[in-house]
A.B. asks: 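Before anything else, here's the structure in question.
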Amino acid sequence: MPEAATSSAFATQGLRTNQGAEETVRQLLRSLLQSGQVEAVLALGKTGTDGKGVAYSLFTDPDAFAVDGEAVPLLPYMPANGGGLLSRLTLEGSLPGPVAAVIRPCELQAFIELMKLNQGSLDNVFLISSTCGGVYPLETGLEGHLEEKLPAYWRSIEQGELDEAARPTCRACESFAPEGADITIALLGEEGLDEQCSLYLNTERAAAFAQRLEGTILDAEPDGTVLERSSVERSAFREALFAGVETGLKGLVETFGRCIGCHGCKTVCPICYCQVCHFDSHECEREIAYYEGELQRKGGLRVPPDTVFFQLGRMAHMAISCVGCGMCTDVCPADIPVSTIFSKVAASAQATFDYVPGRALAEEIPLRTFREDEFAQVAT
Amino acid sequence: MNANAAVLPTKEGFEPAVIQWLKEALNRNVFEAVLIPVETPAEDSFAYLLIKDPKFLDLASPLPPIMPVQGGKAIGRLTMRGDLNKRVAAIIRPCEARAAIELTKLKQAHLTNLTLITLDCPGVLPLSDYLDDPAAGAARFREAVEQDNRSPMRPTCQICHRFSLAEAPATDLHIGTLGNDDGAAVIVPGSLEGERILAQMGLTEDGDESGNLPEMLERWSTRAEQLTATQTERRSEAHAQLQEQVAGADRLLDIFGSCINCHNCQRVCPVCYCRQCYFESTALKLPPENYLARAASKGALRFAPDTLLFHLGRASHMALSCVSCGACEDACPMDIPVGQVFSLLADGAQEALGYVAGRSVEDALPLVAYEMDELHDVEQAYVEIYREQEVQDA
Amino acid sequence: MQEQISETFSPTIVGFLCNWCTYAAADSAGVARMKMPPSVMVVRVMCSGRIDPLFILTAFLRGADGVLISGCWPGQCHYQVGNLQARRRTALLKSIFDALELEMGERFRLSWVSSSEAPRYVRVVKEFTRDVTDLGPCPIQHELFL
Amino acid sequence: MSEEKTFVPSIVYFMCSWCGSGGAETAAAHHLHYPENVLPSRVNCTGALPAVHILRPLIEGADGVVISGCHPGDCHYDDGNFRARRRIALVKSLLDTLGLEPERVWFRYVAHGEGRRFVDTAAAFNEHIKTLGPNPLKTRSDT
């Protein structure tokens with residue numbers, strides 16, 4: 001899988017600028033807005049007068065991408081899954097003009113997956129992504145701790161490694177090279193990221209948009225060895241992480257026992273797109289008779305009920321499309337490693353159908369298709 | 001006010017005594033089931049359990065150190081579809097009882113056959129603090145309770161002034177522990193149902209062998225009154241301070257700047273009962289042209305949009321029913337002081353409309369009731385000098 | 001009471017039967033007075049493709065020891081492909097249970113039984129009842145903290 | 001030019017369809033003018049105006065919101081205006097607590113025949129908002 005990922009991530013033309021990665025991206029987005037080539041840019045930005053908050057914003061003012069502007073497109077932080085946001089942006093109709101989005105590979109995957117689920121439109125969306133070195137947990141962003149981490153973050157990126165303080169989900173991520181982006185920014189394992197930056201322009205549109213950037217055309221394909229090494233390392237971490245999941249009924253009950261029922265994992269999940277979740281619907285508003293029946297049968301039951309049902313049911317609904325973005329773990333106020341458990345289940349479900357979510361628009365979602373001669377062992 | 005109160009025998013310590021009492025009540029068929037917090041199997045949290053089999057009560061904890069689920073919400077989920085057929089007792093904290101009463105008035109809960117039993121609440125620890133190390137958290141909680149110290153508790157608990165029902169018991173039974181040492185407790189009925197239960201359980205004034213009841217009641221209400229006064233003062237000081245921190249667009253947006261729109265605060269709020277929240281509905285999902293136009297007019301648009309509208313709008317929906325339980329703050333992954341801000345907003349709104357959320361099922365909901373002659377300060381008086389002209393025009 | 005049950009444990013099985021094939025087979029098995037264990041509580045569905053994984057989860061959480069899903073043979077679905085979709089969903093749920101090591105995979109079964117195969121239906125019920133009896137009561141049903 | 005003169009506030013005027021908009025009709029019949037930056041919006045009854053619809057314009061670009069309904073006792077639905085008064089008291093209390101200038105919301109009674117009163121309300125509110133200046137929230141991109 002990683003080989004395929006790297007090759008399609010860098011499809012066509014390479015461009016090396018003699019500016020740092022951060023500056024290159026800022027300059028590119030600024031020029032796109034200034035020239036009117038895009039109407040807006042979806043990227044991370046700082047909020048508030050103190051700039052302590054970080055949120056995605058739809059920028060139309062080119063000055064946001066000035067050196068001291070509020071946009072921070074490459075900040076290793078994920079306050080929301082950008083794929084879900086692009087879906088929200090285009091849910092009620094396709095974009096009237098081009099909009100660029102700077103998002104991470106898992107966000108890109110989520111967006112493609114949502115397109116397969118008819119939750120938006122790809123038209124006029126210009127996707128800029130990068131080889132991802134992970135992001136920090138949400139709580140790192142509180143009280144300005146994120147700034148302190150940045151030097152270490154970029155140092156480890158250049159060495160093709162992940163900072164140990166990055167989210168476990170990111171350290172266990174195997175699809176960190178974007179597929180289907182118009183522009184791929186090479187970050188992982190690239191040297192001198194504060195002085196130079198390599199961009200790979202994968203579409204004609206990307207080549208046209210990047211014309212204003214000064215740089216040298218790269219002949220050689222990028223060196224894939226660092227990415228491969230990172231992939232091996234991350235796979236090992238992933239296996240260790242999965243091995244730590246408490247399984248069985250006991251494990252499930254113990255892990256989700258402290259769930260407070262906020263359903264935040266569902267709200268922030270880019271794949272969970274339902275307007276009203278089944279588990280918030282009247283279907284799950286139980287009649288008195290339900291409680292009394294369960295009481296009769298078991299002598300006691302949890303109120304509100306359906307904690308494990310919610311988790312298992314959500315797995316059944318979205319595990320096939322889970323992109324492992326880790327938002328669910330980040331948001332959990334009870335510190336349940338939701339993403340680890342879901343990723344483990346997703347890996348199993350996706351392997352069953354030999355499916356990689358969000359890889360290509362043409363790949364059908366497994367539950368929408370079938371073959372006559374398959375899963376013979378399942379049915380008797 | 002405390003007529004027909006009784007002494008709760010607490011020889012073996014307060015919590016075991018309550019559990020023993022509930023077991024006996026189950027055995028005597030005074031209740032058919034009990035809704036009570038129980039420690040989870042991993043021993044790292046608590047959950048409400050509806051218990052019929054008395055043996056499960058051994059695991060119960062009437063006064064857990066955290067509040068992972070607001071008891072009012074649990075009662076709402078249990079009874080949202082109608083009246084209970086079995087007699088159930090719910091052991092909850094005063095703020096949870098207020099939420100249950102509020103939900104009843106909003107027709108989202110039914111109190112028939114449900115006996116609300118409240119306890120004097122010392123507050124609870126912040127959920128994240130406790131989950132970091134449950135054993136240490138439990139010890140910290142015990143110590144704080146013994147020392148009558150609210151500083152390790154959640155900020156909303158630190159400034160809570162309705163932790164006891166000594167002033168006006170709105171629930172069927174209230175167990176008072178304040179003022180009496182060594183876990184001694186009085187149990188005070190707030191309704192005829194409560195009195196009936198005490199009688200059934202043989203807990204009456206006449207049954208008080210020690211003869212300490214009058215003194216205990218006196219000590220309890222004096223202490224509760226005293227503590228209420230200091231807490232009220234603390235609350236108004238804290239609110240004044242908080243208001244300075246949030247007032248004005250800049251400061252407000254700084255506070256909500258790190259919001260990630262997970263809506264956890266809304267989901268865990270006991271009085272936010274809508275199945276489909278307005279702020280998640282299609283009402284705010286608009287064509288991309290709308291978002292782009294809004295972005296163009298300001299230079300940028302935070303996306304997903306409407307963060308402030310969500311918080312302010314939610315306040316407009318529930319501030320009058322807010323019981324300041326702090327569940328929202330516990331559920332916030334970004335540590336936004338949302339519970340404190342909402343308690344500030346709620347106090348202001350409830351004062352403006354002369355209402356106290358969850359005080360009694362009898363009080364009419366403030367947006368349902370009205371007076372003809374009230375709130376004239378929100379009407380914009382028409383300047384009389386125009387009148388002449390008006391008559392002329394006509 | 002639990003001890004008593006385990007001695008003469010007869011499992012509760014929820015059977016989701018397709019209206020066009022298996023339900024008819026079950027019907028004719030009854031008409032022909034074929035003998036089978038009374039373990040299956042039948043839920044008639046219009047197509048095995050209608051069965052959401054949540055139905056199966058609900059059955060287990062509400063006290064079922066086994067879940068039987070039965071529809072038309074591949075190629076014979078009244079709605080062309082509903083049974084093939086059901087098969088994929090079953091595979092999905094099995095993979096979820098496997099990943100969580102829930103040991104539930106054996107407790108639900110997908111069988112093809114056409115409307116004329118009453119004896120086959122009886123055999124399926126007998127075999128599944130025997131297998132679930134061997135597995136014993138489903139541990140989920142007495143868990144308080146679900 | 002000073003800033004105050006160039007500031008044209010954007011104002012949303014929610015009017016009850018029985019009285020407020022009747023007032024607007026009367027005003028039109030009498031050829032009375034009101035500032036064109038006041039955007040009229042008809043609601044069936046002020047009692048049917050959710051608090052969120054007052055907050056939303058204030059966050060998304062309006063400098064002020066004015067609401068007019070029937071005089072007390074004249075409500076087409078008996079008590080809609082009394083309920084509206086409570087709801088507006090709630091909104092004002094929230095805005096006041098958060099220092100968001102509750103004076104940007106006005107509530108006034110305007111009857112069907114009171115065209116002059118309608119025009120005066122629009123004009124007076126316009127002047128009032130001009131003195132208050134632009135709403136600080138409307139330029140913020142991080143709401």
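Chain letters run A, B, ... following the sequence lines, proteins first, then strands; residues in each count from 1.
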A.B. asks: Enumerate the ring-ring contact (aromatic ring centres under 6.0 Å, His included) contacts for residues 318-356 of chain B, please, sequence neighbours excluded, ordered by first and then second residue.
C.D. replies: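 For residues 318-356 of chain B, and leaving out neighbouring residues, there are no ring-ring contact (aromatic ring centres under 6.0 Å, His included) pairs at all.
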A.B. asks: Which atoms of B:His317 come close to chain D, meaning under 4.5 Å heavy atom to heavy atom: side chain ones, backbone ones, both, or neither?
C.D. replies: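 Side chain of B:His317 only, per the 4.5 Å heavy-atom cut-off to chain D.
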A.B. asks: Name the option with the most non-hydrogen atom pairs under 4.5 Å to chain D; the candidates are B:Pro305, B:Pro366, B:Ser297, B:Gly257.
C.D. replies: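 Option with the top pair count is B:Pro366.
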A.B. asks: Write down the atom of D:Leu94, the atom of B:Ala349, and the distance for their closest heavy-atom approach.
C.D. replies: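 Answer, listing the atom of D:Leu94 first, then B:Ala349: CD2-CB, 4.5 Å.
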A.B. asks: If you look at every heavy atom in D:Leu90 and B:Ser316, which pair is closest and at what distance?
C.D. replies: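 Smallest heavy-atom distance, with atoms named: CD2-O, 3.3 Å.
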A.B. asks: Could you tell me if the side chain of B:Met372 sits less than 4.5 Å from the side chain of D:Asp79, heavy atoms only?
C.D. replies: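 Result no, sub-4.5 Å side-chain heavy-atom pair not found.
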A.B. asks: Under a 4.5 Å cutoff for heavy-atom pairs, which residue among B:Val246, B:Asp306, B:Leu253 has the most contacts with chain D?
C.D. replies: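 Most heavy-atom pairs within the cutoff with chain D belong to B:Leu253.
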A.B. asks: Under 6.0 Å from the CD atom of B:Glu289, do we count more than 12 heavy atoms belonging to anything else shown?
C.D. replies: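 Counting neighbours around CD of B:Glu289, more than 12 heavy atoms of other residues, nucleotides or ligands fall under 6.0 Å, so yes.
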A.B. asks: Can you list the residues that meet the side-chain contact (heavy atoms from CB on, under 4.5 Å) rule with D:Ala111, with sequence neighbours excluded?
C.D. replies: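 With neighbours one apart ignored, the set is D:His71, D:Glu114.
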A.B. asks: Using a 4.5 angstrom heavy-atom cutoff, name the option from D:Phe107, D:Trp106, D:Phe125 with the most pairs to chain B.
C.D. replies: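 Among the listed options, the one with the most contacts to chain B is D:Trp106.
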A.B. asks: Determine whether D:Arg140 and B:Asp250 make a side-chain contact, defined as any pair of heavy atoms from C-beta on separated by less than 4.5 Å.
C.D. replies: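 Side chain of D:Arg140 against side chain of B:Asp250, heavy atoms only: contact under 4.5 Å found.
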A.B. asks: Does D:His128 reach the side chain of B:Gln380, with side-chain heavy atoms less than 4.5 Å apart?
C.D. replies: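 Heavy-atom side-chain distance check fails, nothing below 4.5 Å.
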A.B. asks: Taking side chain as everything from C-beta outward and backbone as N, CA, C, O, which of these in B:His376 sits under 4.5 Å from a heavy atom of chain D? Side chain, backbone, both or neither.
C.D. replies: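 For B:His376, side-chain heavy atoms alone lie under 4.5 Å from chain D.
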A.B. asks: Any side-chain heavy atom of B:Glu374 sitting closer than 4.5 Å to one from D:Arg86?
C.D. replies: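 In short, these two side chains touch, coming nearer than 4.5 Å.
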A.B. asks: Using side-chain heavy atoms (C-beta onward) and a distance below 4.5 Å, is D:Val91 in contact with B:Val378?
C.D. replies: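 No. Closest side-chain heavy atoms not under 4.5 Å.
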A.B. asks: Heavy-atom distances under 4.5 Å only: say whether B:Ala283 touches chain D with side chain, backbone, both or neither.
C.D. replies: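 Contact with chain D involves the backbone of B:Ala283 alone.
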A.B. asks: So, taking the atom named CG in B:Leu309 and the one named CD1 in D:Ile59, what distance separates them when rounded to the nearest 0.5 Å?
C.D. replies: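 Interatomic distance, B:Leu309 CG to D:Ile59 CD1, rounded to 0.5 Å: 4.5 Å.
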A.B. asks: Pick one of side chain, backbone, both or neither for B:Ala319, based on which atoms fall under 4.5 Å of a heavy atom in chain D.
C.D. replies: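 Just its side chain gets close to chain D.
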A.B. asks: In terms of heavy-atom proximity below 4.5 Å to chain D, should B:Phe279 be classed as side chain, backbone, both, or neither?
C.D. replies: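 Just the side chain, heavy atoms under 4.5 Å.
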A.B. asks: Is any side-chain heavy atom of D:Leu100 closer than 4.5 Å to a side-chain heavy atom of B:Leu312?
C.D. replies: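 Heavy-atom side-chain distance check passes, below 4.5 Å.
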A.B. asks: Identify whether the distance between the nearest side-chain nitrogen and carboxylate oxygen of D:Arg108 and B:Glu379 falls below 4.0 Å.
C.D. replies: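 No, this pair does not count.
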A.B. asks: For chain D, which of B:Leu284, B:Asp347, B:Asp377, B:Val341 has the most heavy-atom pairs under 4.5 Å?
C.D. replies: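 If we count pairs closer than 4.5 Å to chain D, B:Leu284 comes out on top.
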A.B. asks: Could you give the distance from CG (D:Leu55) to CZ (B:Arg314), rounded to the nearest 0.5 Å?
C.D. replies: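 One gets 14.0 Å once the value is rounded to the nearest 0.5 Å.
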A.B. asks: Please classify the contact of D:Ser93 with chain B as side chain, backbone, both or neither, using a heavy-atom distance under 4.5 Å.
C.D. replies: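 Looking at D:Ser93, just its side chain touches chain B.
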A.B. asks: Side chain from CB out, backbone as N, CA, C, O: work out which of these in B:Ala352 comes under 4.5 Å of a heavy atom of chain D, or both, or neither.
C.D. replies: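 Contact with chain D: side chain only.
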A.B. asks: Quick one: what part of D:Tyr109 sits under 4.5 Å from any heavy atom of chain B, side chain, backbone, both or neither?
C.D. replies: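 Only the side chain of D:Tyr109 comes within 4.5 Å of chain B.
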A.B. asks: With D:Arg104, which residues qualify under salt bridge (charged side-chain N to carboxylate O under 4.0 Å, His left out), at least two apart?
C.D. replies: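 In terms of salt bridge (charged side-chain N to carboxylate O under 4.0 Å, His left out), with neighbours along the sequence ignored, D:Arg104 is linked to D:Glu101.
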A.B. asks: In terms of heavy-atom proximity below 4.5 Å to chain B, should D:Thr139 be classed as side chain, backbone, both, or neither?
C.D. replies: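 Contact with chain B involves the backbone of D:Thr139 alone.
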A.B. asks: Could you tell me whether B:Glu351 atom CD has more than 12 heavy atoms of other residues or ligands within 6.0 Å of it?
C.D. replies: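 No.
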A.B. asks: Identify which part of B:Leu252 has an atom lying under 4.5 Å from any heavy atom of chain D, answering side chain, backbone, both or neither.
C.D. replies: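 Looking at B:Leu252, just its side chain touches chain D.
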A.B. asks: Which members of residues 267-278 of chain B, sorted by number, sit under 4.5 angstrom from chain D on a heavy-atom basis?
C.D. replies: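 Listed by number, the contacting residues are B:Tyr278.
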A.B. asks: Checking the side chain of B:Arg302 only, and the main-chain atoms of D:Thr143 only, is there a donor and an acceptor separated by less than 3.5 Å?
C.D. replies: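 Looks like no, no N/O pair under 3.5 Å.
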A.B. asks: Would you confirm whether B:Gln243, through its side chain, and D:Leu98, through its main-chain N or O, come within 3.5 Å as a donor-acceptor pair?
C.D. replies: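 Side chain of B:Gln243 to backbone of D:Leu98, a donor-acceptor pair under 3.5 Å: no, none is there.
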A.B. asks: So, does D:Arg85 use its side chain to make a donor-acceptor pair with the main chain of B:Leu375 at under 3.5 Å?
C.D. replies: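 Pair absent, no side-chain N/O of D:Arg85 close to backbone of B:Leu375.
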A.B. asks: What part of D:His31 gets closer than 4.5 Å to chain B, counting heavy atoms only: side chain, backbone, both or neither?
C.D. replies: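 For D:His31, no heavy atom lies under 4.5 Å from chain B.
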